[in-house]
Enquirer: 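Dropping the structure in here first, questions after.
Note that the coordinates shown come from a computational prediction; the quantities given were computed from them, not determined experimentally. All ligand and atom numbering here is 1-based and tracks the order in the structure. Side-chain atoms are counted along with the backbone in the values below, which use heavy atoms only and exclude waters and symmetry mates.
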Amino acid sequence: MLPLPAMDSRQGAGQGSRMLNVPSQSFPGPRSQQRVASGGRSKVPLKQGRSLMDWIRLTKSGKDLTGLKGRLIEVTEEELKKHNKKDDCWICIRGFVYNVSPYMEYHPGGEEELMRAAGSDGTDLFDQVHRWVNYESMLKECLVGRMAIKPALPKDYREEKKVLNGMLPKSQVTDTLAREGPSSPSMDNRSESPQFNFAIRTNFLSLLLLPPVTLLITQSRTNRAGPGEDINLGSITVDHQGDSFRVETIIKDYSYLIHIGLSHEIQEDFSVQVVENVGKIEIVLKKKESTTWKSLGCPLENHNSLLPKKDTDLYYRKCQLISKEDVTHDTKLFSVMLPPSTHLQVPVGQHVYLKLTIAGTEIVKPYTPVSDSLVPEFKEPVFPNSKYIYFLVKIYPAGLFTPELDLLQIGDYVSVSNPEGSFKISQFQEMEDLFLLAAGTGFTPMVKVLHYALTGIPSLRKVKLMFFNKTEDDIIWRSQLEKLALKDKRFDVEFVLSAPPSEWSGKQGYISPALLSEFLKKSLEKSKVLICICGPTPFTEQGMKLLHDLNFSKDEIHSFTA
Ligand code: FAD
Ligand code: NAP
């Protein structure tokens with residue numbers, strides 16, 4: 001939202017009315033490959049000198065952007081309300097107040113979108129659009145101060161004094177804050193929250209005697225998610241850095257956090273196991289020295305908290321760039337290595353955020369991890385997949401993030417967030433026909449979807465991919481796709497080019513009713529179908545409309561967005 005120019009794919013036609021959103025005006029750029037040259041699709045001029053880079057330059061210029069000459073003040077609600085005009089606009093986000101007037105012209109969502117939060121608390125509006133945006137960094141020169149009445153702190157500071165021994169407290173989370181005990185996870189009582197119930201235990205004897213120390217997290221049977229939504233290895237991320245041991249578990253739309261300052265050193269490798277359908281996670285830590293631990297450690301920030309996922313901050317770890325290979329003239333396959341003491345598996349259909357500091361400002365963009373290849377014989381599996389993450393990234397020469405990513409040398413670092421995304425494996429249940437509609441790098445989520453469907457769905461009869469690109473040179477992994485189609489009779493691929501050469505005998509044009517109705521032929525009249533779509537926002541929106549016109553139901557369609 002607020003400080004995010006040209007950030008993601010929520011751009012393009014029909015987006016202008018979306019709250020604090022990335023607007024059609026600014027992205028894709030007039031000469032961008034993501035913009036359409038003709039045919040009535042959206043093309044809106046961008047104001048010169050108001051790009052994200054221009055904003056970064058202004059913030060570094062030393063100009064007084066708050067009008068307070070560097071002073072920070074305590075802002076009362078009455079004071080905040082007064083600053084509700086375009087040329088005097090203050091907005092509160094998570095208890096901090098920013099003077100966003102100087103930013104108005106740079107906001108890709110437009111001035112009107114910013115004005116919706118003028119003189120008030122814009123936190124909810126912000127979270128609805130881009131809770132991952134690093135507004136603190138983007139707006140740091142606009143900081144006026146703190147709200148005089150501070151918002152409730154998510155953390156229970158009374159926990160700070162505690163020492164965690166073998167038996168950690170049983171957590172009971174209900175939708176009523178008042179009922180929570182001092183060590184209970186905190187909970188947003190505004191949301192429709194199911195009741196969760198956790199027990200975290202360690203084997204007390206293992207602390208005293210020999211390694212290993214086992215951390216057991218169990219979710220109560222009564223409150224577990226539906227079929228296919230149980231805790232699995234993809235829903236847990238574990239990070240061990242210094243003495244901080246952090247376990248985040250995603251259950252439905254909630255995030256449950258264990259965050260402990262370990263009292264003693266442990267070895268780099270720990271194991272994470274999940275007993276699916278039982279809701280039990282077992283993390284086995286190996287002591288570095290076979291000494292007696294008097295306690296497991298102390299609770300750190302937000303330890304033992306359960307929050308709606310949308311209200312939690314994204315957690316990043318620094319990953320090292322291991323390789324970079326050309327895939328097409330403008331797309332590369334990057335592989336990054338997770339830090340040694342990390343467990344992170346990006347679930348099928350989900351993305352992560354990559355973060356780089358560009359001109360002193362942290363910039364964050366979403367990317368969808370892929371596998372290293374579609375067909376194993378294309379690549380010797382050099383690295384264990386659990387430690388490496390692969391990205392297919394198109395480099396936009398005039399873009400902000402991708403040229404910087406491309407400049408990274410092997411051995412350099414990029415920060416990678418925890419996974420996000422609305423796609424659920426349960427959408428595959430009993431699926432018989434899978435149709436994939438991808439445009440450009442919108443192909444990236446299809447890579448894992450395709451692999452999962454072909455290897456993990458016994459009911460599957462047919463998978464078809466319709467892949468839209470401008471020219472043949474733009475097609476990502478074309479020969480791998482053709483090889484896969486030869487190898488697996490259930491899979492078929494069709495390439496559609498919007499700017500084909502004269503000798504092209506395949507399909508051409510843009511997504512259309514004619515192309516779709518021919519493509520979406522079911523293997524049986526009553527086949528259970530799933531259609532996945534991803535590409536430039538106008539492509540996806542147009543595709544969704546056409547699919548609804550063809551009478552496919554909401555449950556039969558998944559569109560990939562941020
Ligand atoms: P930007 O700075 O955003 O610019 C892109 C283009 O628009 C450039 O040509 C630039 O010149 C033009 N432009 C930008 N701003 C302006 C402006 N204000 N005025 C005029 N022109 C402008 N991409 C991938 O390659 N691989 C992925 O796996 C992937 N996964 C994604 C997953 C999700 C959920 C989403 C939402 C997007 C994903 N993307 C992916 C897209 C990615 O997040 C970035 O949007 C993309 O890499 C462009 O970033 P950039 O900063 O380099 O370019
Ligand atoms: P691109 O090369 O600009 O476009 C790919 C194809 O789609 C081209 O044939 C293009 O035609 C066509 N196209 C573009 N806009 C269209 C529209 N409005 N209607 C119909 N067809 C259209 O694509 P790209 O640069 O790789 O960009 C891929 C997009 O996918 C990005 O916006 C990225 O953010 C998004 N993405 C999203 C996710 C996700 O949400 N999970 C993941 C990955 C990528 P012309 O070139 O001839 O116009």
Side-chain angles (χ1 to χ4, degrees), residues 4-14 22-23 25-55 106 108 130 132 327-328 330-334 349-354 356 358 363-370 390-406 420-423 437-447 467-471 474-476 495-500 508-512 532-543 546 558-562:
L4 183 68
M7 275 289 185
D8 71 352
S9 70
R10 299 186 190 208
Q11 320 91 348
V22 181
Q25 290 94 311
S26 60
F27 185 95
R31 287 166 308 282
S32 157
Q33 289 191 47
Q34 297 195 53
R35 211 174 254 278
V36 177
S38 60
R41 283 176 287 149
S42 97
K43 197 174 193 177
V44 194
L46 174 84
K47 229 177 176 178
Q48 284 295 327
R50 293 294 180 269
S51 70
L52 176 53
M53 209 57 217
D54 294 315
W55 170 250
Y106 298 80
H130 288 313
W132 47 273
V327 172
T328 69
D330 59 5
T331 302
K332 299 189 182 187
L333 180 70
F334 292 81
Q350 297 206 5
H351 53 271
V352 295
Y353 295 94
L354 297 185
L356 285 175
I358 301 173
I363 304 293
V364 173
K365 294 265 167 147
Y367 293 92
T368 314
V370 295
Y390 299 88
F391 298 98
L392 279 166
V393 179
K394 176 165 171 175
I395 312 297
Y396 296 90
L400 179 68
F401 191 86
T402 49
E404 291 289 325
L405 186 71
D406 197 24
E420 292 262 298
S422 58
F423 187 81
L437 298 165
T441 56
F443 171 63
T444 52
M446 309 307 177
V447 172
F467 195 0
F468 295 81
N469 284 281
K470 198 175 183 108
T471 69
D474 296 320
I475 304 174
I476 298 170
F495 302 111
V496 184
L497 300 183
S498 54
Q508 46 183 286
Y510 297 105
I511 193 164
S512 67
C532 296
I533 180 162
C534 188
T537 304
F539 164 89
T540 306
E541 286 183 347
Q542 199 181 339
L546 296 175
H558 182 88
S559 70
F560 289 94
T561 50

Enquirer: Which one holds for Phe401 and ligand 1: side chain close, backbone close, both close, or neither close, with close meaning a heavy atom under 4.0 Å?
Expert: both

Enquirer: Report the member of Gly543, Gly440, Cys532, Ser559 with the shortest heavy-atom distance to atom 5 (C) of ligand 2.
Expert: Gly440

Enquirer: Do you know which two heavy atoms are closest between Gly440 and Phe467, and how far apart they sit?
Expert: O-CE1, 3.4 Å

Enquirer: Among all residues two or more places apart in sequence or in another chain, which pass the side chain to side chain contact (heavy atoms under 4.5 Å, CB included) test with Thr328?
Expert: Asp330, Thr331, Ile476

Enquirer: Could you tell me whether ligand 1 has any atom less than 4.0 Å away from a heavy atom of Phe391?
Expert: no

Enquirer: Provide the number and element of each atom of ligand 1 under 4.0 Å from a heavy atom of Thr441.
Expert: 23 (N), 24 (C), 25 (O)

Enquirer: Of all heavy-atom pairs between Gln350 and Pro369, which one has the smallest distance, and what is that distance?
Expert: O-CD, 3.7 Å

Enquirer: Between His351 and ligand 2, which part of the residue brings a heavy atom under 4.0 Å of the ligand: side chain, backbone, both or neither?
Expert: neither

Enquirer: How long is the gap from NZ on Lys365 to OG1 on Thr402, to the nearest 0.5 Å?
Expert: 7.5 Å

Enquirer: Can you list the atoms of ligand 1 that are under 4.0 Å from a heavy atom of Lys394?
Expert: 25 (O)

Enquirer: Heavy atoms only, cut-off 4.0 Å: how does Leu52 contact ligand 1, side chain, backbone, both, or neither?
Expert: neither

Enquirer: Looking only at heavy atoms, which two atoms of Leu400 and Ile358 are closest? And how far apart?
Expert: O-CD1, 3.7 Å

Enquirer: Does the N or O separation between Ser51 and ligand 1 drop below 3.5 Å for any pair?
Expert: no

Enquirer: Distance under 4.0 Å to a non-hydrogen atom of Ala439: what atoms of ligand 2 satisfy this?
Expert: 5 (C), 6 (C), 7 (O), 28 (C)

Enquirer: Please determine whether any non-hydrogen atom of Gly535 lies less than 4.0 Å from an atom of ligand 2.
Expert: yes

Enquirer: Select one of side chain, backbone, both or neither to describe which atoms of Tyr510 lie under 4.0 Å from any atom of ligand 2, heavy atoms only.
Expert: side chain

Enquirer: Can you tell me how far apart CE (Met446) and CD1 (Ile533) are? Round to the nearest 0.5 Å.
Expert: 7.5 Å

Enquirer: If you measure from NE2 on His558 to OG on Ser422, what distance do you get to the nearest 0.5 Å?
Expert: 4.0 Å

Enquirer: For Cys534, is there any backbone N or O sitting under 3.5 Å from a side-chain donor or acceptor partner on Thr540?
Expert: no

Enquirer: Between ligand 1 and Thr561, can you find any atom pair, the residue atom being a heavy atom, that is separated by under 4.0 Å?
Expert: yes

Enquirer: To the nearest 0.5 Å, how far apart are CD1 in Ile511 and CZ in Phe539?
Expert: 4.0 Å

Enquirer: Could a heavy atom of Asp474 be found less than 4.0 Å from some atom of ligand 2?
Expert: no

Enquirer: Are any of the N or O atoms of Tyr396 closer than 3.5 Å to those of ligand 1?
Expert: no

Enquirer: If you measure from NZ on Lys470 to CG on Leu497, what distance do you get to the nearest 0.5 Å?
Expert: 11.0 Å

Enquirer: What are the atoms of ligand 2, with element, lying closer than 4.0 Å to any heavy atom of Thr561?
Expert: 40 (O)

Enquirer: Identify, by atom number and element, the atoms of ligand 2 in contact range of Lys470, meaning under 4.0 Å from any of its heavy atoms.
Expert: 8 (C), 9 (O), 46 (O), 47 (O)

Enquirer: Which is closest to atom 1 (P) of ligand 1 in terms of heavy atoms, Gly399, Pro397, Cys534?
Expert: Gly399

Enquirer: Do Thr444 and ligand 1 have an N or O pair less than 3.5 Å apart?
Expert: yes

Enquirer: Is there a polar contact, in the sense of an N or O pair closer than 3.5 Å, between Pro366 and ligand 1?
Expert: yes

Enquirer: Could you check whether any side-chain heavy atom of Leu356 comes within less than 4.5 Å of a side-chain heavy atom of Ile363, counting everything from C-beta outward?
Expert: no

Enquirer: Just go through Tyr367, Phe560, Tyr390 and tell me whose heavy atom is the nearest to atom 23 (N) of ligand 1.
Expert: Tyr367

Enquirer: Side chain, backbone, both or neither: which part of Phe443 comes within less than 4.0 Å of ligand 2 when only heavy atoms are counted?
Expert: neither

Enquirer: For ligand 2, which atoms have a heavy atom of Gly442 less than 4.0 angstrom away?
Expert: 30 (O), 43 (C), 44 (C)

Enquirer: Compare Thr444, Leu392, Asn469 and give the one whose heavy atom is closest to atom 8 (C) of ligand 2.
Expert: Asn469

Enquirer: Starting from the C-alpha separation in whole Å, work towards a yes-or-no answer on side chain to side chain contact (heavy atoms under 4.5 Å, CB included) for Cys532 and Phe560.
Expert: CA-CA 7 Å; Cys532 296; Phe560 289 94; 3.8 Å; yes

Enquirer: Short list, please: which atoms of ligand 1 are under 4.0 Å from a heavy atom of Leu400?
Expert: 1 (P), 2 (O), 50 (P), 51 (O), 52 (O), 53 (O)

Enquirer: Out of Ile511, Thr540, Thr441, whose heavy atom is nearest to atom 43 (C) of ligand 2?
Expert: Thr441

Enquirer: Below the 3.5 angstrom mark, is there an N/O of Pro538, backbone or side chain, next to an N/O of ligand 2?
Expert: no

Enquirer: Could you tell me which residues satisfy side-chain hydrogen bond (donor to acceptor under 3.5 Å, both in side chains) with Thr471, sequence neighbours excluded, listed by chain and number?
Expert: Asp474

Enquirer: With backbone taken as N, CA, C and O and side chain as the heavy atoms from C-beta onward, which portion of Pro536 lies under 4.0 Å from ligand 2: side chain, backbone, both, or neither?
Expert: both

Enquirer: What part of Thr368, side chain, backbone, both or neither, has a heavy atom within less than 4.0 angstrom of ligand 2?
Expert: side chain

Enquirer: Looking only at atom types and distance, does a side-chain atom of Asp406 sit under 3.5 Å from a main-chain N or O of Pro403, one as donor and one as acceptor?
Expert: no

Enquirer: At a 4.0 Å threshold, what atoms of ligand 1 neighbour a non-hydrogen atom of Ala398?
Expert: 10 (C), 11 (O)

Enquirer: With respect to Tyr367, which candidate in Tyr390, Tyr353, Phe401, Phe334 satisfies the ring-ring contact (aromatic ring centres under 6.0 Å, His included) definition?
Expert: Phe401

Enquirer: Going from CD on Glu404 to CD1 on Ile395, what distance comes out if it is rounded to the nearest 0.5 angstrom?
Expert: 11.0 Å

Enquirer: To check you understand the geometry: which heavy-atom pair defines the closest contact between Gly442 and Ala438, and what is its length?
Expert: O-CB, 3.7 Å

